[in-house]
Amino acid sequence: MTSIEHDSKRILIVDDNEAIHEDIHNILDCRRGKGKDSETEKLEQELFGTDSSSETSKPGDSIEYVIDDAYQGAEAVSMVTQAANEGFPYALVFMDVRMPPGIDGIQAITEIWEDHPQIEVVICTAYSDYSWDQIVNQFGSTEHLFFMKKPFDSIALKQTAYSLTRKWDATTKNARYVKKLETEIQHRTHQLNEMSDHLKKMKKDNEKITLAKNRFFDTITSELQTPLNGILGITDLLLDTELNDEQRSFAETIKISGNSLLLTMNDILDFSKLDGPCKESEDIVFDLRTTLESVLELVSVAAIENELELTCFVDCNVSELLVGDPFKLRQVLLLSFTQIIKTEESCEIVLSVSNTSKDSIGVNHLLFEISKLEKMDSDYHSRKRIVNGLDFNLLPDIGEQGKFPRQEQVEELVSRLGGRFRSENNPDLGTTIWFTAQFGISSPSFPSVVLSSTIIGMRCLIISDYSIGRRVLSLHIEHWGGLCKVASIKENFVEKINLAKESNLPYDTVIIDLKNQPPERYKNIALEITDNSKRHSITPPRLICLTANAQRGDAQKIGQYGYSVYLTKPIKQSQLFKSLLLVKSLKDENQFLDPSTLVTKHFVDEFTPDYYKVLVAEENPNNLKSIISCMTRLKVRCDVTGNRKDIPAVLKNSKYDLVLIDCKECDDADFDFLNGIKEELPDLKVVIMVEASDHISSHAIKKGVVDNTLTKPVSSSALISMLQDNFSN
């Protein structure tokens with residue numbers, strides 16, 4: 001039974017002498033002292049040595065006790081148990097030691113403490129029946145046992161009763177509090193266990209959902225990408241045959257639609273990997289401008305629907321080749337452009353990239369900004385200040401209310417790129433997005449290699465799980481002039497490699513395309529081929545990995561396994577062709593790829609570009625805006641420098657096909673400056689922008705110092721005409 005708190009404390013007197021009971025009652029029971037005559041008080045003073053005038057001030061006089069009596073040890077044990085069951089337990093027991101004929105006080109205390117260890121006990125005895133050592137051996141070291149000799153001192157008895165009942169009260173309250181805490185802890189623990197079980201169940205459910213999602217995307221990968229590769233591949237072959245105008249138009253429509261579907265599918269698959277289990281970044285060599293152009297191409301359709309004109313502005317100091325994760329950068333840009341397209345319409349949007357700093361270990365810190373071109377005009381100088389100082393404190397804080405959907409996901413991706421993210425919603429200037437990122441810098445990996453113009457005579461072995469894939473790949477390689485054999489993964493491909501060696505026609509490259517296999521499976525195949533080559537003294541063929549089951553970090557693993565090329569499906573035929581050209585060139589030059597320079601689709605695009613590069617030296621934002629917009633539409637890669645004094649240094653660090661320079665004065669100093677550029681780079685096309693046609697510019701053309709002139713303000717038609725004059729296609 002739960003004990004109930006009482007104002008008075010309960011005391012039990014256990015002694016076989018009734019006089020002892022009477023004495024203790026008289027001392028502790030305040031009510032007995034009321035109404036006594038003077039003679040009785042005098043007698044008490046003589047017996048107990050008390051002073052009635054001072055007793056009222058002693059501790060315990062104002063305290064009321066409920067005092068019960070027991071005359072034998074067994075009776076005391078029974079009364080203690082009964083009191084506890086009634087909810088009004090004893091706080092203190094005055095226990096005599098010698099109480100014949102039953103159990104003595106020591107035995108009674110032992111039985112009481114077995115069930116009620118918190119009760120305070122005072123042993124009252126006139127004899128030394130038990131020594132202190134015997135009592136300690138009986139009860140052990142305890143703070144609940146005290147001794148008092150008969151006859152009693154009234155003050156000592158009152159103080160003892162007061163102190164011990166208060167001690168018992170505090171101990172009991174602490175015990176109840178501890179019990180309450182234990183109950184609460186058990187309750188909370190039960191709740192936490194339930195929550196933990198619920199979270200475990202949710203985790204299992206999420207794992208099932210993730211597994212189902214991964215299986216779904218694996219199905220898309222294997223069941224859609226492979227046939228799409230076949231469609232695009234056969235269409236390319238069809239376009240190389242003799243077709244009439246109508247047939248060629250149909251085939252080109254199939255190719256355009258297929259490429260559009262390919263881009264959309266890649267976008268869906270890329271987004272599906274954002275929430276996947278493998279979120280780590282990978283470091284591969286990629287071309288920044290190619291990545292930017294691919295993003296603009298993806299969002300161009302939605303931009304046109306909102307009447308948006310997209311422009312890309314890249315500072316000339318930004319390195320072309322970077323080392324990092326182009327996938328995460330691409331996703332950040334796609335999510336940011338999605339927000340811009342949702343919130344803006346009927347305007348021009350510029351993506352600008354500036355190089356803020358480069359530290360001693362070769363890390364580039366880049367700042368990306370997506371905003372209206374009008375803001376580029378109105379906030380040009382402050383923007384440059386932010387760019388140069390990388391001072392995000394200058395950017396306004398939009399707070400939680402200003403965040404756009406999926407911004408937290410974008411911020412996480414940016415943080416994985418080593419940068420920070422900010423956005424602003426301005427009623428007049430619209431939405432602006434800034435973010436920084438860190439990338440390593442890579443120089444061209446094979447500056448001494450000249451690419452072969454053909455793969456004629458190149459011997460290839462295709463190992464693939466896909467019958468359609470084997471067929472399409474072999475058709476392309478044979479169409480390009482290569483010699484091709486195919487094998488499924490279940491066949492003994494090592495034996496085919498050995499037979500080719502015995503026929504003096506060893507394979508130059510082996511293309512491996514597995515269905516839903518992790519990188520470790522590619523590793524095992526590579527080991528089989530390289531170990532076999534060592535045993536039979538065969539020059540190991542170059543290994544090309546094709547995969548539709550790409551995860552972040554796989555590229556680095558594949559490079560370490562000995563592969564030269566890593567291409568993710570669907571694969572553009574141009575990328576495959578250039579990869580084979582690169583492999584053939586490296587074989588001819590007897591150069592071997594290092595894992596850090598693994599050939600990927602990003603590397604292929606930057607190493608064998610199909611575009612023209614133009615350097616623009618112009619400080620006026622309005623002229624710059626029209627030039628950038630026009631070149632973006634024409635898919636001409638355009639870098640910008642505001643100061644023409646930087647042109648010689650920029651031209652030394654990067655190769656350009658044409659430089660467009662603003663000549664304000666067009667005087668003899670300008671002529672000497674342009675002449676110096678032409679003497680240093682005679683094949684470089686030099687075009688100047690002037691206020692009006694004059695003698696100096698005409699003279700410069702005649703002397704071959706410049707190739708064309710444009711009159712400011714430069715119109716789009718004049719710019720297009722100039723590009724057509726200088727670039728035949």
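Bear in mind the structure is a predicted one, so any value in this text is a computation, not a measurement. All heavy atoms count here, side chains included; hydrogens, waters and symmetry mates do not.
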- prompt: How would you list, by chain and number, every residue that makes a side-chain contact (heavy atoms from CB on, under 4.5 Å) with Ala526, sequence neighbours excluded?
  reply: Leu543, Tyr563
message: List the residues meeting side-chain hydrogen bond (donor to acceptor under 3.5 Å, both in side chains) with Ser488, not counting sequence neighbours, and say none if there are none.
response: Glu491
field: Minimum heavy-atom distance between Leu567 and Gln575, given as atom pair plus value
entry: CD1-O, 4.4 Å
- line: One should read off an interatomic distance between Leu413 CG and Glu408 CD, to the nearest 0.5 angstrom, of 12.0 Å
query: What heavy-atom pair brings Val353 and Val318 nearest, and what distance separates the two atoms?
result: O-CG2, 3.9 Å
task: Please report the closest heavy-atom contact between Val565 and Val583, naming both atoms and the distance.
output: CG2-CG2, 3.7 Å
- line: Heavy-atom nearest pair, Thr509 first then Arg542, reads OG1-O, 2.9 Å
query: Hey, is NZ on Lys496 packed in by over 12 heavy atoms from elsewhere, all under 6.0 Å?
result: yes
statement: Hits for side-chain contact (heavy atoms from CB on, under 4.5 Å) against Glu207, two or more places apart or cross-chain, chain-then-number order -> Lys203
field: side-chain hydrogen bond (donor to acceptor under 3.5 Å, both in side chains) partners of Lys534, counting only residues at least two apart
entry: none
message: My understanding is that only residues two or more places apart in sequence, or in another chain, count here; which of them pass salt bridge (charged side-chain N to carboxylate O under 4.0 Å, His left out) with Lys204?
response: none
task: Determine the minimum heavy-atom distance between Leu546 and Tyr522, stating which atoms define it.
output: O-OH, 2.6 Å
message: On a heavy-atom basis, which atom in Arg470 and which in Ile462 lie closest, and how many Å separate them?
response: O-CD1, 4.2 Å
task: Not counting sequence neighbours, which residues clear side-chain contact (heavy atoms from CB on, under 4.5 Å) with Glu520? List them please.
output: Pro518, Lys557, Tyr561
field: Residues forming a side-chain hydrogen bond (donor to acceptor under 3.5 Å, both in side chains) with Tyr656, sequence neighbours excluded
entry: Asp639
message: According to side-chain hydrogen bond (donor to acceptor under 3.5 Å, both in side chains), who are the partners of Asp683, at least two apart in sequence or on a separate chain?
response: none
- line: The reported gap from OG in Ser336 to CD1 in Ile341 (rounded to nearest 0.5 angstrom) is 11.0 Å
Test side-chain contact (heavy atoms from CB on, under 4.5 Å) applied to Asn532 - qualifying residues, sequence neighbours left out: Val494, Ile497, Asn498, Arg535, His536, Ile538
